[in-house]
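Each remark here refers to the structure printed beneath this line.
Numbers here simply count residues along the sequence, with the first being 1. These numbers were taken from a predicted model, which means no experiment stands behind them.
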Amino acid sequence: QVQLAESGGGLVQPGGSLRLSCAASEFGRKYYMIGWFRQAPGKEREGVACISSSNERTYYSNSVAGRFTISRDSAKSTVYLQMNNLKPEDTAVYYCAARSVGFVGTDYDIRAATYRLWGQGTQVTVSS
C-alpha cells in the first residue's frame with residue numbers, strides 16, 4: 001500500500017516562503033497525478049496544484065498561480081510545493097494526494113473527489 005507523508009509546514013509571516021514536501025513510499029505506474037490541497041477551519045477542502053508523473057505537466061488554482069510552484073523528484077518519490085509571498089488566507093492544513101486518472105488540464109485536476117490516496121496533512125500558518 002502506497003503511503004504519503006507531508007512535511008515542511010510551520011508558522012511564517014506574511015510575504016514569507018515555505019516549501020512543503022510529499023514523500024511517497026513509492027509512486028510506481030499506478031498513480032499518474034499528485035496534487036496538493038488545503039483545508040482551513042470551517043471551509044471545504046480546496047485544490048491548490050497538481051503535477052503529472054509522466055511529463056510533469058502542472059495545473060494551479062487561480063488563488064495560488066504565480067505564487068506557488070509544484071515540482072517532483074522522481075528519484076526520491078517526492079513532490080514539493082514551493083510557496084512564496086504567503087498571505088494570511090493561505091493558512092490551512094495542507095494535504096498531498098494521488099490519483100490514477102491522468103492529466104486533463106482543467107479544474108478537474110485539482111478536484112479532491114478524483115484523488116484516492118491521501119496523506120495526513122501539515123499545518124501552515126501565515127501570521128504576523
Side-chain angles (χ1 to χ4, degrees):
Q1 176 73 15
V2 177
Q3 294 183 330
L4 303 177
E6 303 92 338
S7 63
L11 173 65
V12 63
Q13 294 185 344
S17 298
L18 279 176
R19 188 177 80 158
L20 305 183
S21 299
C22 172
S25 55
E26 63 172 303
F27 281 137
R29 297 183 178 182
K30 182 176 181 179
Y31 295 103
Y32 300 117
M33 295 287 291
I34 302 297
W36 280 100
F37 297 81
R38 65 187 182 187
Q39 189 165 19
K43 295 188 177 181
E44 294 186 356
R45 191 164 295 189
E46 173 192 14
V48 172
C50 63
I51 187 168
S52 65
S53 62
S54 57
N55 51 14
E56 299 190 4
R57 298 178 71 178
T58 59
Y59 190 83
Y60 297 90
S61 69
N62 289 335
S63 61
V64 306
R67 299 189 298 124
F68 291 11
T69 301
I70 189 171
S71 61
R72 67 187 297 150
D73 184 337
S74 296
K76 297 181 180 179
S77 292
T78 301
V79 172
Y80 303 98
L81 185 68
Q82 177 67 43
M83 306 186 295
N84 298 328
N85 190 21
L86 283 161
K87 304 175 181 180
E89 51 263 43
D90 294 318
T91 295
V93 177
Y94 282 71
Y95 301 88
C96 65
R99 76 179 193 192
S100 56
V101 177
F103 186 85
V104 175
T106 68
D107 283 350
Y108 181 84
D109 289 333
I110 51 173
R111 187 177 298 173
T114 68
Y115 287 76
R116 298 184 64 183
L117 183 66
W118 291 83
Q120 295 300 308
T122 185
Q123 176 70 46
V124 172
T125 303
V126 185
S127 175
S128 56

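- Environment of CD in Glu56: crowded, with over 12 heavy atoms of neighbouring residues, nucleotides or ligands closer than 6.0 Å.
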Please walk me through it: do Arg57 and Asp109 pass salt bridge (charged side-chain N to carboxylate O under 4.0 Å, His left out)? CA-CA 11 Å; Arg57 298 178 71 178; Asp109 289 333; over 6 Å; no
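- Scanning both residues, Ala40 and Ala92, for their nearest heavy atoms gives N-CB, 3.8 Å.
- Counting heavy atoms from C-beta outward, Trp36 and Val79 have side chains that approach closer than 4.5 Å.
- In this structure, the separation between OH on Tyr80 and CD1 on Ile70 is 12.0 Å, given to the nearest 0.5 Å.
- Ile34 and Val104 fall into different hydrophobic clusters, where Ile, Leu, Val, Met, Phe, Trp and Tyr are joined by side-chain heavy atoms under 4.5 Å apart, directly or via other members.
- Between Phe103 and Ser52 the shortest heavy-atom distance is CB-CB, 4.2 Å.
- A donor-acceptor pair under 3.5 Å links the side-chain atoms of Glu6 to the main chain of Gly121, judged by distance alone.
- Residues Val64 and Val48 come closest through the heavy atom pair CG2-O, 3.5 Å.
- For the residue pair Glu46 / Ser63, a side-chain donor-acceptor distance below 3.5 Å is found, with atom types taken as modelled.
- At a cut-off of 3.5 Å, with distance as the only test, a side-chain donor of Asn84 or Ser17 sits close to an acceptor on the other residue.
- In summary, of the residues considered (Thr125, Thr91, Val12), a side chain to side chain contact (heavy atoms under 4.5 Å, CB included) with Leu86 occurs for Val12 alone.
- Atom CD of Glu89 is surrounded by more than 12 heavy atoms from other residues, nucleotides or ligands within 6.0 Å.
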I would like to know whether Arg72 and Ser53 meet side-chain contact (heavy atoms from CB on, under 4.5 Å); could you show each step before the answer? CA-CA 8 Å; Arg72 67 187 297 150; Ser53 62; 3.5 Å; yes
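- Taking the ring centre of Phe37 as origin, the terminal cationic atom of Arg45 falls outside the region bounded by 6.0 Å and 45° from the ring axis.
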Let's go through Arg99 and Thr114 carefully: what are the C-alpha distance in whole Å and the side-chain angles of both, what is the deciding distance for side chain to side chain donor-acceptor pair (under 3.5 Å) to 0.1 Å, and is it a yes or a no? CA-CA 7 Å; Arg99 76 179 193 192; Thr114 68; 2.8 Å; yes
Can you check side-chain contact (heavy atoms from CB on, under 4.5 Å) on Phe68 and Asp90, steps first, answer last? CA-CA 11 Å; Phe68 291 11; Asp90 294 318; 4.0 Å; yes
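- The minimum heavy-atom distance linking Ala49 with Tyr60 is given by the pair CB-CD2, 3.5 Å.
- Counting heavy atoms from C-beta outward, Leu81 and Thr69 have side chains that stay 4.5 Å or more apart.
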So Tyr59 and Asp107, side-chain contact (heavy atoms from CB on, under 4.5 Å) or not? Walk me through it. CA-CA 8 Å; Tyr59 190 83; Asp107 283 350; 2.7 Å; yes
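- Under a 3.5 Å cut-off, the side chain of Ser25 and the backbone N or O of Gln3 do form a donor-acceptor pair.
- Shortest non-hydrogen contact noted between Ala98 and Leu4 is N-CD1, 3.9 Å.
- Here the closest non-hydrogen pair linking Met33 and Cys50 is CE-SG, 3.4 Å.
- Figure legend: Arg38 and Tyr94 shown without cation-pi pairing, the cationic atom not lying both under 6.0 angstrom from the six-membered ring centre and within 45 degrees of its axis.
- Residues satisfying the disulfide (SG to SG under 2.5 Å) test with Cys96, not counting sequence neighbours, are Cys22.
- In this structure, the side chains of Lys87 and Val126 stay at 4.5 Å or more apart for every pair of heavy atoms.
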Please lay out, stage by stage, how Val93 and Thr122 fare under the test side-chain contact (heavy atoms from CB on, under 4.5 Å). CA-CA 5 Å; Val93 177; Thr122 185; over 6 Å; no
